[in-house]
Amino acid sequence: MNRKYIPEEVELKWEEYWAKAGLFNCDVSDKNKFYCLEMFPYPSGRIHMGHVRNYAIGDVIARYKRMRGYNVLHPMGWDAFGLPAENAAIKEGTHPAKWTYDNIAYMKKQLVRLGLSYDWRREITTCAPEYYKWNQWFFLRMLERGLAYRKSSFVNWCPSCATVLANEQVIDGRCWRCDSVVVQKELEQWFLKITEYEEELLQATGGLKGWPENVILMQKNWLGKSEGLEAFFKIEGSDDPVLIFTTRADTLYGATFVCLAPGHPLAEKLVEDRAALEKIKEHYGKLDEKHGLFTGHYAINPANGGRIPVYIANFVLMEYGTGAIMSVPAHDQRDYEFAQKYNLPIRTVIRPEEGPAPPERAFEEDGVLVDSGSFSGMKSAVARTEIAKLLESKGIGKRVVNYRLRDWGISRQRYWGTPIPVIYCEKCGVVPVPEKDLPVILPEDVKLTGKGGSPLAETGSFVKTACPKCGGPARRETDTMDTFMDSSWYFIRYCSKKDEDALDRENVKYFMSVDQYVGGVEHAVLHLLYSRFFTRVVRDLGITDVSEPFTNLLTQGMVCMETYKCPEHGWLYPSQVKEGRCELCGSPVEKGRTEKMSKSKRNIIDPDHLITRYGADTARLFSLFAAPPERDLEWNEKGVEGAYRFIQRLWTLVHANLEKLNSVKGSPEGVTPLIRKTHQTIKRVTRDIEKDYHFNTAIAAMMELVNMTGAFEPKAEAEWREMRFALEELLLLLSPFCPHAAEELWQAMGNESSIQSIPWPGYNEEAAREEEVELVVQVNGKVRARLMVPQGLPDEELKRRAMNEPKVLELTSGKKIRNTFTVRGRLVNIVIA
RNA sequence: GCGAGAGUGGCGGAACUGGCAGACGCGCUGGACUUAGGAUCCAGUGGGGAAACCUGUAGGGGUUCAAAUCCCCUCUCUCGCACCA
């Protein structure tokens, strides 16, 4: 009996079955839970291959853990606020809400079509008031605790779009949308005090055992802890001293000038030439040449009383340290360059412990102090402490710890985001919206011009309100929240179903934290750091006991593909290449390098096409087979066909033998080669999943078993039982990877219940062990013979047999045997003179 | 510049604690079946050589009975940070 494999038929059938049966619904129970989460997508329109890969990885884990008996929470939702919806609205005239919800509807269908095992009852959409209400609620709690505050600061401003850009929207100093040069602009904004948790966030990285090293490192770098000294330098003719920060107190005697950031308050006081100061400000924060402006004032080096000039310098950052530095050109390359340009003295105070100092540049390493008064002769490390102590005792210095991390600016001059729940009253000032009035609904009737400024500010009905305190006229905050706020706690929202309290303690307690988080490494810092911060705030609000949101993190690599370029028409889609020539003009196509799939390079494969042609199981299988998850994956059409062929071979194997297979029942007896291979396969697949989720090798193992089963020609009834055993175990192993085909074949083989309800197969160590092993015989480390020997022979016997090999006898005759080594009963190395 | 990771057949990738390099898949070659095949099946496939054998994991050196794996140097690529004082 042969039946053709028609993926669509099989897959739709089972997707419908799973949905009806509610197989993936998960509720609080007394079973052990496993929270498996993939980063939720931005509803941009359609899913791309990166999603397919991300969600295939997560789904295998979820399905595997379910078979292992865990109560698996596996939810999905939509990161639905953000600029693209607003851009589309401006360009096409559709409302952001409609655009977003239409996209969600389409993408949800795509995800269902991939056979992903989500509990859709828990689906969240961040642009829905019932979700963003809680953003506002958290904001108010933070406001109460002083964790949310308002301050004026420099932000990235795109003059052409007339809006603030997030750091990540500035690419090489330019706007990601219109390519204009981004400038720094001072604006009053809302901030969240992530710095309150900086030390805890840093310390806790030590406990992130399930995170990739590189992500931990990136987090540490981002936090950027450094220990140093803050010291006051007096300024001649001024009552205000300048406070500088340095990590190199040992170089204090070498400080020959002082630099202030252009935005430093003292800069305004000391500089008379306003125009010159403005000019320096224009160069602030840019990686071009160093620019300085002499203030005309001198500071006193507290170490040696030296009179040193005070400069304004574009390269000194206001946001880091104190916004002022002591400059030591002999031992800091930046100061060195500045000193060269402005002809300032260079004073060497550190010598290398060995060898000469480098010529024509600063010596930045630790060394031994010279020309440093009583500190001369000390090593840098010691001198740092001693000099700091001296300044401390004089009351003009303090040892401090500095972080690179800055507070998180969350105000956005955009429409499509969560309204910040604050009201400004002329009499009462800043008044939080009372909790009973939440959510502050984002009005639908808004003009989106793209001309910039906050669209809400133009919406009178939204802005005008009454002060909750005094009832007088007041206006609402018109900025909205950074969308990273939405994603900083969505994993907590999933713990409760739609109609339940978002912060139900019992739910949160049972499900948090996320046992396995899967997503792209591009969020290594931002989203993951914000989430770690937010979870601690939630903890301190008494809602959860956990501090870390994600116990284990898997960062999957990018999906890449070859690029094609026509000399005439530029980048081509793969479908536009016909026999190596451009479809449009017939010129030969240049093969470009393999790069991350992107619309701009046109090296993309549409998941819809892929699924129509090969089915979801093939799409999943190839995504998982072509590379281990953490590495980049190179998309390859031929490879996809290979995956398809594998499923088809298995399909044919089952169907061609169905009658016989279904006529035998019961377990096979004894350990035959096929039974052994089956046990070995279970062992390998289990190990590969457990250890690092290396699905590619797990799939390879299953392919081997299929190959062996295909070559097996059963005759006796016992042999048919063997084959049935091999195939059934295989289907169980395959079911997390290719769930549709596994279900269908499982059912075809006469099983009543869904394969989803069968536990993960176990293996017998004894049955998995080979009876015979191939003994490799080396002479002087080179393989000279191979022979089959029974498992478990003593070393002496192995050596004896090895020595008797003709080839070995030939090579060793008349030679003295110096030594022999035996390795785990599998290899003998004979060392001769 | 600093930090991290990676370089293995024609390609994607395997190789558990140093112990048979190249599992599995793609491609390629030959064959079978076919009106045909870009379907399916079988066999072969790192390079050199008729063979014995030699050689081979970016390049060079070292440790070891034994190195893709450990150590040192060099090169290349990817990613992250980048005037953080």
Side-chain angles (χ1 to χ4, degrees), chain A residues 212-218 220-222 224-226 228-229 244-248 251 259 261 284-290 313-317 319-328 331-335 337-338 364 402-406 521-522 524-525 557-558 560 562 593-594 596 621-622 625-628 630-643 645-646 648-649 652 684 687-688 691 694 696-704 706-707 710-711 774-786 807 818-824 826-832:
Chain A
E213 276 299 321
N214 62 332
V215 176
I216 292 175
L217 200 75
M218 281 159 76
K220 282 186 185 166
N221 290 343
W222 193 267
K225 182 178 182 174
S226 66
L229 173 74
I244 62 95
F245 173 73
T246 181
T247 55
R248 290 297 302 273
T251 65
C259 287
Y284 176 69
K286 284 188 195 153
L287 263 175
D288 59 4
E289 216 182 319
K290 293 182 173 45
N314 70 320
F315 70 92
V316 178
L317 303 174
E319 290 81 5
Y320 186 75
T322 60
I325 58 167
M326 67 171 200
S327 289
V328 187
H331 305 295
D332 183 294
Q333 188 58 25
R334 294 158 301 183
D335 296 344
E337 286 164 22
F338 193 85
E364 296 185 304
N402 244 309
Y403 296 84
R404 206 183 84 107
L405 180 76
R406 291 168 217 165
V521 74
E522 64 272 16
V525 173
M558 299 181 298
C560 301
E562 230 173 24
R593 42 187 276 166
T594 299
K596 180 183 178 177
L621 191 68
F622 179 73
F625 178 60
E630 70 280 3
R631 233 193 282 184
D632 285 353
L633 179 151
E634 196 179 312
W635 199 267
N636 176 296
E637 189 64 27
K638 293 285 197 215
V640 176
E641 276 174 28
R645 270 204 292 272
F646 166 71
Q648 204 158 30
R649 273 220 314 281
T652 310
R684 273 176 69 185
R687 191 198 53 196
D688 290 347
K691 184 194 145 241
H694 276 193
N696 55 329
T697 50
I699 293 167
M702 291 188 271
M703 286 174 167
E704 282 185 43
V706 170
N707 291 345
E774 189 183 49
L775 181 69
V776 173
V777 185
Q778 297 181 331
V779 176
N780 282 353
K782 288 188 177 172
V783 181
R784 296 299 178 183
R786 299 159 191 274
K807 193 78 216 171
R818 293 210 161 155
N819 212 342
T820 53
F821 296 84
T822 317
V823 184
R824 279 177 268 158
R826 289 196 281 112
L827 182 141
V828 174
N829 188 13
I830 299 157
V831 185
I832 57 175

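In what follows, chains carry the letters A, B, and so on, assigned in the order in which the sequence lines appear, proteins first and then strands, with residues in each chain numbered from 1.
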Return the set of residues passing side-chain hydrogen bond (donor to acceptor under 3.5 Å, both in side chains) with A:Asn707 (not counting sequence neighbours), or none when no residue passes.
->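 If we apply the side-chain hydrogen bond (donor to acceptor under 3.5 Å, both in side chains) test to A:Asn707, skipping adjacent residues, the hits are A:Arg649.
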
Taking RNA chain B as the partner, which of residues 631-638 of chain A come within under 4.0 angstrom of it by heavy atom?
->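 RNA chain B contact set from residues 631-638 of chain A: A:Arg631, A:Asp632, A:Glu634, A:Lys638.
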
Within residues 776-786 of chain A, those residues having any heavy atom closer than 4.0 Å to RNA chain B are A:Val776, A:Gln778, A:Lys782, A:Val783, A:Arg784, A:Arg786

Base, sugar-phosphate or nothing for [X]? Non-hydrogen atoms, less than 4.0 Å.
X        : value
A:Gly642 : sugar-phosphate
A:Asn829 : base
A:Val521 : nothing
A:Ile325 : base

Consider the side chain of [X], meaning its heavy atoms from C-beta on, and name the nucleotide among [options] that approaches it most closely.
X        : options             : result
A:Asn707 : B:C26, B:G25, B:A85 : B:G25
A:Leu827 : B:U40, B:G19, B:C83 : B:G19
A:Trp222 : B:C20, B:C81, B:G12 : B:C81

Looking at A:Asn696, does any N or O in its side chain come under 4.0 Å of the phosphate oxygens OP1/OP2 on B:C24?
->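 No.
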
Runs of at least three consecutive Watson-Crick or G-U pairs, both distances under 3.5 Å, are what I'm after; which ones involve RNA chain B?
-> B:1-7 with B:75-81, B:10-12 with B:24-26, B:27-32 with B:40-45, B:46-48 with B:53-55, B:58-62 with B:70-74

Under 3.5 Å, is there an N or O donor on one side and an acceptor on the other linking the side chain of A:Arg649 and the base of B:U40?
-> no

Per-nt protein contacts along nucleotides 43-50 of chain B (heavy atom under 4.0 Å; B base, S backbone sugar-phosphate only, - none) come out as --------

Only pairs under 3.5 Å count here: list side-chain donor-acceptor contacts from residues 776-785 of chain A, not counting sequence neighbours, and write none if there are none.
{"residue": "A:Asn780", "atom": "OD1", "partner": "A:Ile832", "partner atom": "N", "Å": "2.9"}

